[in-house]
Amino acid sequence: MFPYSFPAPANFTFPGSYAPAGDASFRAGPGSISVIPHEGGFFRLSAALGRDNDEQYSAAELLVAGQAAPATSRFGDWHIWEQGDWCLEVNPADGMSFVFRHRGVGLVSSAPAPFGYSARRQMVLLRRDPQAPILGLGEKTGRLDKNNRSWHFWNANVISDHRFNYQTDAYDPTYVSIPLMISRSGDRWFGILLHNPTPSSIQLNLDTRNATDKFSACHGMRPEDKEPISVLTVEQGRLDLVFIPGPTLRDVVRNVARLTGTHELPPLWALGYHQCRWGYSSAGEIATVARRLADARIPCGAMWMDIDYMDGFRVFTYDPERFPKEERDRCFAEIRRRGTRLVSIIDPGIKAEEEWEVYRDARDRGLLCQTPEGKVYTGQVWPGRTVFPDYSLPEARSWWADRIAAHLATGIDGIWNDMNDPSTGVSEQSEMWFHHSTLSHGTYHNQYGDLMARATLEGFEKADPNRRPFILTRSASTGSQRFCAVWTGDNVSNEAHLRMSIPMCLNLSLCGVSFTGPDVGGFMHDTTEELLVAWNLAGALFPFFRNHTCSGTRPQEPYNFSADALDTIRRAINVRYKLLPAIYQLFRDHALHGDPVMRPLFLEFPEEYLEGVDSQFLLGPSILVAPFLDVDSRERTVVLPSGWWYSLREATWVKGPDLVTVPRDNRMNIYIRDGAIIPMVEGADFFPQPDLSNVAFHFFFREAAEATFVYHEDDGETRAHRDGAFNEWRVDAKAAGGRVEASVRLVHNGWTPRKTPFKAWFHGLDGVGAREGLAPWPFGALPGSWSELAP
Ligand code: GLC
């Protein structure tokens with residue numbers, strides 16, 4: 001895969017007409033295309049042109065049922081499939097050109113004769129509003145809008161594959177392949193999933209009228225394509241194009257989650273602050289870091305163990321000298337006493353060493369990836385000569401799961417899957433085949449991380465089916481959120497990567513990957529105090545929040561910096577802990593409805609002027625976060641969408657739409673939407689862990705007349721909530737004449753009865769019953785007035 005070249009339409013063959021072949025299939029010479037409506041307004045076009053392309057290699061199931069069905073009606077040469085407001089029209093006489101419509105209005109269509117092939121490659125040419133933004137595409141560099149560029153989908157090991165430009169914000173591809181684009185026509189949003197896991201590309205707006213950019217525009221277009229086209233190409237297997245209905249962006253995002261799945265409710269500890277670094281060299285050192293964090297009054301959800309804990313980088317082992325069992329048990333117990341958990345890295349690569357039982361066992365059972373001729377494939381990773389489990393085999397996943405279960409039993413709470421792009425070092429990957437040498441590298445390359453996560457999840461379930469898993473992966477593909485969280489891999493300690501982390505995680509979130517975040521502080525190279533502080537102030541409200549850095553860089557734990565810096569970082573971490581009940585609720589909403597935890601502003605406020613805003617984000621519907629991203633600038637501009645916003649820094653209301661300039665200081669820059677009800681931990685002591693039995697609802701009211709909020713609480717650890725073991729409280733608030741009246745009632749009673757009544761804080765109201773507060777939020781005396789809400 002060469003990152004700077006792309007398939008050229010000029011080199012593909014495009015059948016000009018198709019003949020009906022059954023109710024919903026159309027045939028042209030070497031292949032056929034079927035039309036498959038999926039319930040709820042989704043449609044799939046499934047193309048198998050070119051050579052041997054009948055197989056669908058994706059392990060990601062489409063979770064919305066679909067079945068080939070005859071067209072609902074005909075109009076001239078057009079065959080029309082309708083479902084409610086949505087329809088797909090196909091014209092076999094014009095080479096299967098198509099239009100996807102909402103209430104009669106075309107949202108996206110094709111060029112004439114849009115389906116092409118070249119040996120096993122297949123291509124489809126779209127016509128869309130060339131000005132409309134393109135969102136999604138999974139984990140990509142650059143700004144939020146992905147339009148006017150060409151993108152590859154090939155899970156890369158960024159630092160080695162982009163060794164000359166990984167410090168920029170413009171390399172492609174990254175570790176994750178989700179060829180899912182979200183766009184609009186006018187104000188109607190839709191999505192298109194390229195449901196094919198093999199190496200693929202999406203080239204947006206190739207345009208002969210804009211032929212000056214010889215690297216992308218007009219590249220290899222057909223003479224007949226006079227208008228801008230977007231070109232989607234896959235390397236092999238069925239080209240399944242799934243049209244996802246809107247019409248709002250929120251509808252599209254929920255439908256993406258319906259189609260490809262959501263992340264289950266994580267254990268609460270996983271939503272806290274995480275401390276990691278490559279280079280913690282002994283169990284004692286990890287315990288010391290945990291102790292120093294505690295001494296610095298920094299709550300910590302988990303301590304992480306990078307590859308240093310292993311014996312010669314042999315997976316599932318501990319170094320006998322640096323992590324001997326007794327010492328390990330003692331250190332783990334000490335860490336755990338403070339409420340902190342342990343996560344360990346697990347790479348897929350197995351050291352190829354005859355004396356080692358894990359290697360022999362995997363090899364003898366035939367569970368390793370092989371060359372096309374059936375030799376065990378060998379790469380070069382941390383342990384030297386390295387072999388790789390073939391996770392495409394269910395028996396290999398099950399074997400891996402047994403090993404994971406045993407590893408968890410050593411006192412591990414979460415698993416971090418890395419190098420699963422897969423990284424093979426200097427060994428060429430194309431010789432690494434799957435499924436007992438029957439399937440080429442491309443069929444599973446992009447799915448390797450996904451299948452590894454499935455095997456790991458199976459391991460959690462073998463260990464204890466009632467325990468909530470926590471799995472973090474570097475590489476992923478469509479639908480991986482069902483199995484794991486995704487961090488954005490090896491970033492760099494620079495401002496460009498701090499800034500880029502917002503659009504990158506927003507687009508992942510729109511693609512269903514809600515549990516995501518960057519290495520806070522930056523991974524490669526030394527961070528600076530200013531950058532680390534800025535990154536914590538921003539990163540504390542990402543869905544996943546972990547400080548991590550590379551071996552050999554300067555120490556990056558917060559207590560290694562000045563007292564001021566430590567204080568600021570501690571306060572940022574405390575803000576996260578204060579908001580933990582709200583964040584937990586957002587994860588619950590994601591699991592139930594597919595709403596992303598982190599959102600672009602225009603998901604809540606569908607206004608065109610907000611579409612370019614990607615230096616701010618919303619945490620849920622009501623918490624607007626506008627971090628300081630330029631380390632040197634003394635102020636920043638904040639775009640406030642329409643309505644009133646309560647500035648937590650100033651304890652005052654600001655009216656949007658507006659651009660406000662805020663001077664920089666060391667406080668987080670957070671605004672709360674008028675009418676928001678936000679659950680927070682009461683008080684400001686989160687050490688060692690916050691007391692979640694002590695929760696207050698914070699009401700932010702200015703002009704909003706009423707609001708409702710549903711608060712979910714459970715044990716935070718097990719899957720018993722799936723069987724109803726949770727409480728759900730409905731909070732209702734009505735405001736009039738400067739007064740807010742609130743009530744709370746138990747609407748689902750399935751868990752331990754609550755002993756502590758909820759408190760209520762009222763912010764920003766004039767008049768009786770509430771005051772504007774002046775104290776800096778959320779420490780010391782809280783602004784506003786409070787009362788107890790009797791359940
Ligand atoms: C990879 C990971 C990084 C980890 C390192 C050593 O580069 O992305 O997070 O620290 O390997 O395991």
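One-based numbering, in listed order, for ligands and for the atoms of each. From a predicted model like this one, the values you see are computed outputs, not experimental measurements.
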Fill in the blank from the handout: for atom 9 (O) of ligand 1, nearest protein heavy atom and its distance come out as H548 NE2, 2.9 Å
Exercise for the section: Could you tell me which residues satisfy salt bridge (Lys or Arg N to Asp or Glu O under 4.0 Å) with R360, sequence neighbours excluded, listed by chain and number? Expected result: none
Handout entry: Backbone N/O of T168 and side chain of H497: donor-acceptor pair under 3.5 Å
Key = yes
Completion exercise
Numbered in order shown, the ligand 1 atoms found under 4.0 Å of a heavy atom of I307 are 6 (C), 12 (O)
Practice task
Consider only side-chain N and O atoms of Q481 and T260, and report whether a donor and an acceptor are under 3.5 Å apart.
Solution key: yes
Completion exercise
In ligand 1, the atoms that come under 4.0 Å of a heavy atom of W487 are 8 (O), 9 (O)
Exercise for the section: With sequence neighbours excluded, tell me which residues meet salt bridge (Lys or Arg N to Asp or Glu O under 4.0 Å) with R277. Expected result: none
Completion exercise
atom 4 (C) of ligand 1: closest protein heavy atom, distance to 0.1 Å, is D306 OD2, 3.4 Å
Handout entry: D329: which of E327, K325, E326 passes side chain to side chain contact (heavy atoms under 4.5 Å, CB included)
Key = K325
Practice task
Indicate, as side chain, backbone, both or neither, the part of F313 found under 4.0 angstrom from ligand 1 when only non-hydrogen atoms are considered.
Solution key: neither
Practice task
Using distance alone, decide if ligand 1 has a nitrogen or oxygen within less than 3.5 Å of any nitrogen or oxygen in W416.
Solution key: no
Handout entry: atom 1 (C) of ligand 1 - nearest protein heavy atom and its distance
Key = D418 OD2, 3.0 Å
Exercise for the section: I would like to know whether F470 and F460 meet ring pair (Phe, Tyr, Trp, His ring centres under 6.0 Å); could you show each step before the answer? Expected result: CA-CA 9 Å; F470 174 70; F460 271 89; 8.5 Å; no
Practice task
Check whether any heavy atom of W304 sits under 4.0 Å from an atom of ligand 1.
Solution key: no
Handout entry: For atom 5 (C) of ligand 1, closest protein heavy-atom neighbour
Key = W278 CE3, 3.7 Å
Practice task
Decide if the gap between the ring center of H441 and the ring center of W433 is smaller than 6.0 angstrom.
Solution key: no
Handout entry: Heavy atom of the protein closest to atom 8 (O) of ligand 1 (residue, atom name, distance)
Key = D490 OD1, 2.5 Å
Exercise for the section: Would you mind listing which atoms of ligand 1 come within a distance below 4.0 Å of any non-hydrogen atom of W382? Expected result: 6 (C), 11 (O)
Completion exercise
Given the options D418, L472, V315, I345 meets side chain to side chain contact (heavy atoms under 4.5 Å, CB included) only with D418
Problem - Under-4.0 Å heavy-atom contact with ligand 1, by part of I345 that carries it - result: side chain
